[in-house]
Novice: 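Pasting in a structure now, in structure tokens, and then I'll have a few things to ask.
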Amino acid sequence: MEKKLTQHPINLIKVVLFGPESSGKTTLSRHLARHYNTVWAPEFAREYLQNKWNNERKTCEKDDLLPIAAGQMELENSLAKKADKILICDTDLLETKVYSEEFYGGFVDDNLNEAANKNNYDLYLLTYIDTPWEEDDLRDRPDQRLEMFNAFENALKKHNKNYILLKGDKETRLKTATKAIDKILLERKDLYSFSDSLQDLDMHFLHQNSGDFSTNFEY
């Protein structure tokens, strides 16, 4: 399990949307990916738990946390290879750890705890609860939004994570987020780019086959 929770090394700027349910993380993930012409890693737990609800009419249980964490890291590691300089992550294992602590009386699996502490991200975007609550099959605790928000912010502080707080409408949040990300972009060099790697592969292919192409022409 430890291997499944391990973050693969790659020279990307990794940004995490972090915060309680229905606080605008997924919407901003999409907007940021579009803004930077890159990809974003969705929240694996949403699909996993929706399928569980559809098939069993059950919500999240303690035994679901490790499969959710493993699925999240598989998504992140896979999509990182398709990113252009920046990978936007709709969640991370630290968020899973917070939910585990809050929902299961402080319990956190040792493997999850270790991976959540070890995996690295450049910036956390902490989303405030000034967004409307949108009910669905999975969301609960609408009356404890502030309590959950405080748990998430306390986790960032406890683990000394680099984060900024996002409040306001979509445009305000996007502007605040891109300003912080652009600053990191200026500081980082030689970032991995999937698009550049494809161009390099195309150029290599053309170079390797340029001799063959010339024989097809008659003068």
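Counting begins at 1 with the first residue of the sequence.
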Novice: May I ask you to say whether Lys118 pairs ionically with Glu114, meaning some side-chain N is under 4.0 Å from a carboxylate O?
Specialist: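 The answer is yes: the pair qualifies as a salt bridge.
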
Novice: Count the heavy atoms belonging to other residues, nucleotides or ligands that lie under 6.0 Å from CG of Asp110, then report whether that count exceeds 12.
Specialist: no

Novice: With no hydrogens and no angle check, is any side-chain donor or acceptor of Lys25 less than 3.5 Å from a backbone partner on Pro20?
Specialist: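 Yes, Lys25 side chain to Pro20 backbone: donor-acceptor pair under 3.5 Å.
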
Novice: Taking atom types as modelled, find out whether Gln72 and Glu43 have a side-chain donor-acceptor pair closer than 3.5 angstrom.
Specialist: no

Novice: Show your reasoning for whether salt bridge (Lys or Arg N to Asp or Glu O under 4.0 Å) applies to Lys161 and Asp92.
Specialist: CA-CA 13 Å; Lys161 299 297 185 181; Asp92 77 333; over 6 Å; no

Novice: Establish, from distance only, whether the side-chain atoms of Tyr192 and Asp84 form a donor-acceptor pair under 3.5 Å.
Specialist: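 No pair is found: no donor N or O on one side chain lies under 3.5 Å from an acceptor on the other.
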
Novice: Any salt bridge linking Arg145 with Glu21? Criterion: basic side-chain nitrogen under 4.0 Å from a carboxylate oxygen.
Specialist: no

Novice: Just jot down the side-chain hydrogen bond (donor to acceptor under 3.5 Å, both in side chains) partners of His159, sequence neighbours excluded, or say none.
Specialist: Lys97, Asn117

Novice: For the backbone of Leu28 and the side chain of Arg173, can you confirm whether one donor and one acceptor N or O come within less than 3.5 Å of each other?
Specialist: no

Novice: Okay, side chain of Thr127, backbone of Leu166: is any donor-acceptor separation there less than 3.5 Å?
Specialist: no

Novice: About how many Å separate CE of Met148 and OH of Tyr99, when rounded to the nearest 0.5 Å?
Specialist: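 That separation rounds to 5.0 Å.
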
Novice: Could you go through the side chain to side chain contact (heavy atoms under 4.5 Å, CB included) check for Val15 and Ile13 one step at a time?
Specialist: CA-CA 7 Å; Val15 178; Ile13 294 171; 4.0 Å; yes

Novice: For residues Asn120 and Gln7, determine if any side-chain heavy atom of one lies less than 4.5 Å from a side-chain heavy atom of the other.
Specialist: yes

Novice: Below 4.5 Å, heavy atoms only, C-beta onward: do Leu65 and Cys60 meet side chain to side chain?
Specialist: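 The answer is yes; the side chains approach within 4.5 Å.
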
Novice: At what distance, to the nearest 0.5 angstrom, does OG1 of Thr178 lie from NE2 of His35?
Specialist: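 Rounded to the nearest 0.5 Å, the OG1-NE2 separation comes to 5.0 Å.
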
Novice: Counting only heavy atoms not in Asn150, do more than 12 sit closer than 6.0 Å to its CG atom?
Specialist: yes

Novice: Hey, is the main chain of Lys4 close enough, under 3.5 Å, to the side chain of Glu74 for a donor-acceptor pair?
Specialist: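 No, because the side chain of Glu74 does not come within donor-acceptor range (under 3.5 Å) of the backbone of Lys4.
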
Novice: Got a second to check how far Ile68's CD1 is from Arg46's CZ, nearest 0.5 Å?
Specialist: 11.0 Å

Novice: CE of Met73 to CD of Glu76: how many Å apart, nearest 0.5 Å?
Specialist: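 Answer rounded to 0.5 Å: 4.0 Å.
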
Novice: Just to verify, which of Val16, Leu165, Leu32, Ile88 counts as forming a side chain to side chain contact (heavy atoms under 4.5 Å, CB included) with Leu125?
Specialist: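 Single pass found, and it is Leu32.
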
Novice: Using atom types as modelled and distance alone, determine if a side-chain donor or acceptor of Ser100 lies under 3.5 Å from a backbone N or O of Thr96.
Specialist: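 No, the answer is negative, given that no donor and acceptor are paired below the 3.5 Å cut-off.
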
Novice: Does some side-chain heavy atom of Asp190 sit less than 4.5 Å from a side-chain heavy atom of Asn11?
Specialist: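 Yes; the side chains approach each other to less than 4.5 Å.
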
Novice: Of the non-hydrogen atoms in Ala80 and Ile10, which two are nearest, and what is the gap between them?
Specialist: O-CD1, 3.6 Å

Novice: Are the side chains of Leu156 and Asn162 in contact, using a 4.5 Å heavy-atom criterion?
Specialist: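 Not in contact.
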
Novice: Among the clusters formed by ILVMFWY side chains lying less than 4.5 Å apart, do Phe44 and Val39 turn up in the same one?
Specialist: yes

Novice: Could you walk me through whether Thr91 and Phe18 pass the side chain to side chain contact (heavy atoms under 4.5 Å, CB included) test, one step at a time?
Specialist: CA-CA 6 Å; Thr91 188; Phe18 198 77; 5.9 Å; no

Novice: Do Asn113 and Asn111 come close enough that some side-chain heavy atom pair is under 4.5 Å?
Specialist: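 No. Closest side-chain heavy atoms not under 4.5 Å.
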
Novice: Would you name the heavy atoms of Leu126 and Gly19 that are closest together and state the gap between them?
Specialist: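 Result for this residue pair: CD1-CA, 4.3 Å.
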
Novice: Would you say the side chains of Tyr48 and Asp64 form a donor-acceptor pair under 3.5 Å?
Specialist: yes

Novice: For the residue pair Leu123 and Ala180, what are the closest heavy atoms and their distance?
Specialist: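 Leu123 and Ala180 have their closest heavy atoms at CD2-CB, 3.8 Å.
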
Novice: Do Leu17 and Trp40 sit in the same hydrophobic cluster, where Ile, Leu, Val, Met, Phe, Trp and Tyr count as joined when their side-chain heavy atoms come under 4.5 Å apart?
Specialist: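 Same hydrophobic cluster.
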
Novice: Under the side-chain hydrogen bond (donor to acceptor under 3.5 Å, both in side chains) test, which residues partner Asp122, sequence neighbours left out?
Specialist: Arg188

Novice: Side chains of Leu66 and Leu5: closer than 4.5 Å at any heavy-atom pair?
Specialist: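 Yes, at least one pair of side-chain atoms sits under 4.5 Å.
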
Novice: Quick one: does NZ or CZ of Lys81 land under 6.0 Å from the six-membered ring centre of Phe194, within 45 degrees of the ring axis?
Specialist: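 Negative - Lys81 is either too far from the ring of Phe194 or too far off its axis.
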
Novice: Whether the side chain of Thr131 engages the backbone of Ser22 through a donor-acceptor N/O pair (distance < 3.5 Å, no angle test) should be reported.
Specialist: yes

Novice: Looking at side-chain heavy atoms only, is the closest gap between Asn119 and Tyr121 below 4.5 Å?
Specialist: yes

Novice: To the nearest 0.5 Å, how far apart are CG in Leu12 and SG in Cys89?
Specialist: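 Answer for the CG-SG pair, Leu12 versus Cys89, is 9.5 Å.
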
Novice: Under a 3.5 Å distance rule, please check whether Asn77 uses its side chain to pair with a backbone N or O of His8 as donor and acceptor.
Specialist: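 Side chain of Asn77 to backbone of His8: a pair is present.
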
Novice: Are Leu146 and Tyr163 co-members of a hydrophobic cluster defined by side-chain heavy atoms under 4.5 Å apart?
Specialist: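 Cluster IDs for Tyr163 and Leu146 match.
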
Novice: Find out whether Asp90 and Glu95 are in side-chain contact, i.e. whether some heavy atom of one side chain is under 4.5 Å from a heavy atom of the other.
Specialist: no

Novice: Within this structure, what is the CZ-CD1 distance for the pair Phe152 and Ile129, rounded to the nearest 0.5 Å?
Specialist: 11.5 Å

Novice: Assess the pair Phe149 and Tyr128: is the distance between their ring centroids shorter than 6.0 Å?
Specialist: yes

Novice: Identify whether the distance between the nearest side-chain nitrogen and carboxylate oxygen of Lys52 and Glu61 falls below 4.0 Å.
Specialist: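 Looking at Lys52 and Glu61, the cut-off is met.
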
Novice: Return the set of residues passing side-chain hydrogen bond (donor to acceptor under 3.5 Å, both in side chains) with Glu101 (not counting sequence neighbours), or none when no residue passes.
Specialist: none

Novice: Ignoring hydrogens and angles, state whether a donor on the side chain of Tyr36 or Asp182 is under 3.5 Å from an acceptor on the partner side chain.
Specialist: yes

